[in-house]
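A short write-up of the structure that comes next.
Sequence lines set the chain letters: A, B, ... in the order given, protein chains first and strands last, and positions in each chain run from 1.
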Protein chains: 2
Amino acid sequence: MAFKRMDERKEKILRATTDEYIASAEPVGSRTIARKYDLGLSPATIRNEMADLEESGYLQQPHTSAGRIPSVLGYRYYVDALMEQRSLTPQEESAVRQEFEDRRRGIDELLVRTSRVLSQLTHYPAMVLAPEMDNAIFRHVQLIPIDPTAIMVLVVSGSGRVEHGVMKLESAISESDIESVSNSLNRALKGRTFSEIKSTLFNQMRSEAIANDCFTEDILRLITNSLRSKNEENMRVDGTINIIEQPEFKEVDKLKPFLSLLSEGSNLPRYLSELTNQSGLQVIIGEENKLPEMTDCSVVTATYDVGGRAMGIIGVLGPTRMEYNRVVTAVEYVAACLNEMLLLFSKE
Amino acid sequence: MAFKRMDERKEKILRATTDEYIASAEPVGSRTIARKYDLGLSPATIRNEMADLEESGYLQQPHTSAGRIPSVLGYRYYVDALMEQRSLTPQEESAVRQEFEDRRRGIDELLVRTSRVLSQLTHYPAMVLAPEMDNAIFRHVQLIPIDPTAIMVLVVSGSGRVEHGVMKLESAISESDIESVSNSLNRALKGRTFSEIKSTLFNQMRSEAIANDCFTEDILRLITNSLRSKNEENMRVDGTINIIEQPEFKEVDKLKPFLSLLSEGSNLPRYLSELTNQSGLQVIIGEENKLPEMTDCSVVTATYDVGGRAMGIIGVLGPTRMEYNRVVTAVEYVAACLNEMLLLFSKE
DNA sequence: CTTAGCACTCTTTTAAAGCGAGTGCTAACA
DNA sequence: TGTTAGCACTCGCTTTAAAAGAGTGCTAAG
């Protein structure tokens, strides 16, 4: 990620071009920069510099006789070295704080609020990926009889997520049996991660006496099964509608791939979960994205962690011409708040 | 809702016009009908009849010298009397059945699947409104200690929905105390509806000895509070992306109001919940909708019931030029399947 | 009552012209 | 040697004009 620092004047021009293009969504010409940005240079000089910047790959021209727009490389340089750090206004900060105020809700509600506040703050669609259950720690299982031949199974993880399922029984089972099964399960599983439970423990328990009845075994299977499918459905999106304001999506044909990306069944959740490998803030610009359907987008993400082990990620999706400085600030701040809130849940 | 039956020939022409417009999305002219529909009439005759139909309000012209399109009244007549009933193909039916096959999941998962299958079937966005908790019956409350000063509260309703929240305590509380509070709550609340609990029971318990400690009271408040906010968030939407294929939304300006309708924070959930008053299938066309932002849409809804008391609703949203016959069939079928599935949960 | 014919209307498509923003190059200037 | 003014040229976008096409309403004849 090391880059050669360029000429200071070139930097100024690259920054001006990028700022201007982000603001106007139109290719920007030398004249505009000379007028609006006080560089003390004539359009002709700027033109020469821009030609250089284009040659070295930081700018590009949609067509001859149009202004320049930043290339992916240009945005990269801009994000890494040039852009002006902005901070949130006090109003914005307090809006975030307020959204996070209510502490009585579970983690799911917290994540819902996170996506909401993040999209409101940035005016772009915001995603929140809940941590994979696999890495979470088992806390509690609760069996509630529904009728003589059905019980409801509630599983609580260390981070406070609750999953539930209903189980039909072959034959009736007494309340006290349920209680003893529940107790032994809780004793055996407490403090383990779900992936441990899935891999080793399952077999181990099977061989031991503890799971000699198929009832217990079924419940174990239900627990691990419920996790598998949940992993794919744990992305929340909010503020999708925001992208419609972006000029690059004035035509439905451009809009469609973007919308499908944010719809059910896209590759986005998996992609985000891959990004969880690297912790902290990440900005991924246009074609830097691995997913081919994302070459016209940029994402700004930040990881958060819950219970010290499991890792989730929040992010903002926008056009390549994204207001990086505003978004980076917002994502950082919201991630920090979220982490703070989650600390409250994580005391095991 | 009684309407005068019109001339049989006029009916044929109205049906042909509507069918054709639904299929083509273009105003349809007399010539087209003469050619494609075997009415044994010349374009001129059809023209005369269409002029009549326009005068009586069933058809309208976008402009002079264009073909005709159905008015809301025209669609109404079409839906009520004219359209050909279609049934699902065996493939479609088995796709629905298959989606509903897995019985081990809770009601939430069931509703997720419902919206998914409904949008896949109709190629329009599909909504599912979960039943209001207010009318549901309390089944169980579970208190799980998280740490010495926090407990997790799980509430299970008669229909199998699970809500949860976290509660911070002022001071530590022993496991046995928790258990006794939990027991007395379960005894007192079991079998009541949540609205009863909210209104009468709250005060009643307060005066009785059962709730003389503020701990119990707090939990009661948490239970009722969690319901209130959930009522507004219990709509699921799937297949939003489908509308982008509809020619009426080729321009983003048309698309935007439609998308906001399906986004967070719209009036749609409330509107749907009002529709729950009338049970069974409903087709609401264009300006018949109460919401002003829905004058360009139609909805096809059907109610479902769970546990005999609480009522939910499923629906499909599309442009006024909707494939009513296909959609009506699909909504009816899916609602029937859903009801069937829910019967399994409702045995109290 | 039905239908062929025809003039008329109005939108959509196509073509051409003109505009304007912006560039690249050259030559002059500090 | 770096900077700037000037100018010819490119190319997309907008405007204008013309033509095409679809469909109607009316009239008159069958």
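- With B/Arg68 as the partner, the side-chain hydrogen bond (donor to acceptor under 3.5 Å, both in side chains) test is satisfied by one option alone out of B/Gln60, B/Glu54, B/Glu20: B/Glu54.
- The environment of NZ in A/Lys10 is crowded: more than 12 heavy-atom neighbours from other residues, nucleotides or ligands sit within 6.0 Å.
- When each of C/dT2, D/dG25, C/dG24 is scored by its nearest atom to the side-chain atoms of B/Ala51, the top-ranked nucleotide is D/dG25.
- Taking atom CD1 of A/Ile46 as the reference point, atom P of D/dT4 lies 9 Å away to the nearest angstrom.
- Each of C/dC10, D/dG25, C/dT23 was ranked by its minimum atom distance to the side chain of A/Met50; first place goes to C/dT23.
- Comparing D/dG23, D/dT24, C/dT23 by their closest approach to the side chain of B/Arg47 singles out D/dT24.
- Residue-level contact check: A/Thr45 touches the bases, meaning some heavy atom is under 4.0 Å from a base atom.
- By the 4.0 Å N-to-carboxylate-O rule, B/Lys250 lies too far from A/Glu251 to be salt-bridged with it.
- The side chain of A/Arg35 places no N or O atom within less than 4.0 Å of a non-bridging phosphate oxygen (OP1 or OP2) of C/dG22.
- Rounded to a whole Å, the CD atom of A/Glu26 is 12 Å from the C1' atom of D/dG12.
- Note: NZ (B/Lys250) to P (C/dT12) measures 10 Å, nearest angstrom.
- For the pair A/His63 NE2 and D/dG12 P, the interatomic distance rounds to 6 Å; values are reported in whole Å.
- C/dC1 atom C1' lies 12 Å from atom NZ of B/Lys10, rounded to whole Å.
- When the side-chain nitrogen and oxygen atoms of A/Ser30 are compared with OP1 and OP2 of C/dT23, one or more of them lie within a distance under 4.0 Å.
- A salt bridge is defined here as a Lys NZ or Arg NE, NH1 or NH2 lying under 4.0 Å from an Asp or Glu carboxylate O, and B/Glu11 with B/Arg5 meets this definition.
- In this structure, the nucleotide among D/dC11, C/dT23, D/dT4 sitting nearest to the side chain of A/Thr64 is D/dC11.
- In this structure, B/Leu59 atom CG and D/dG23 atom P are separated by 15 Å, rounded to whole Å.
- Between the side chain of B/Ser115 and the main chain of B/Asp238, no donor-acceptor pair closer than 3.5 Å is present.
- Note on A/Ser42: a side-chain N or O is less than 4.0 Å away from OP1 or OP2 of D/dT4.
- Side-chain proximity of B/Arg68 to D/dG25, C/dT11, D/dG12: nearest is D/dG25.
- Distance from the side chain of B/Ser65 is smallest to D/dG23 among D/dT3, D/dG23, D/dG25.
- Between A/Ala44 and B/Asn48, it is B/Asn48 whose nearest contact on DNA chain C lies nearer the 5' terminus.
- In this structure, CD of A/Gln61 is placed 12 Å from C1' of C/dA21, rounded to the nearest angstrom.
- In this structure, CZ of A/Arg31 is placed 16 Å from P of C/dG24, rounded to the nearest angstrom.
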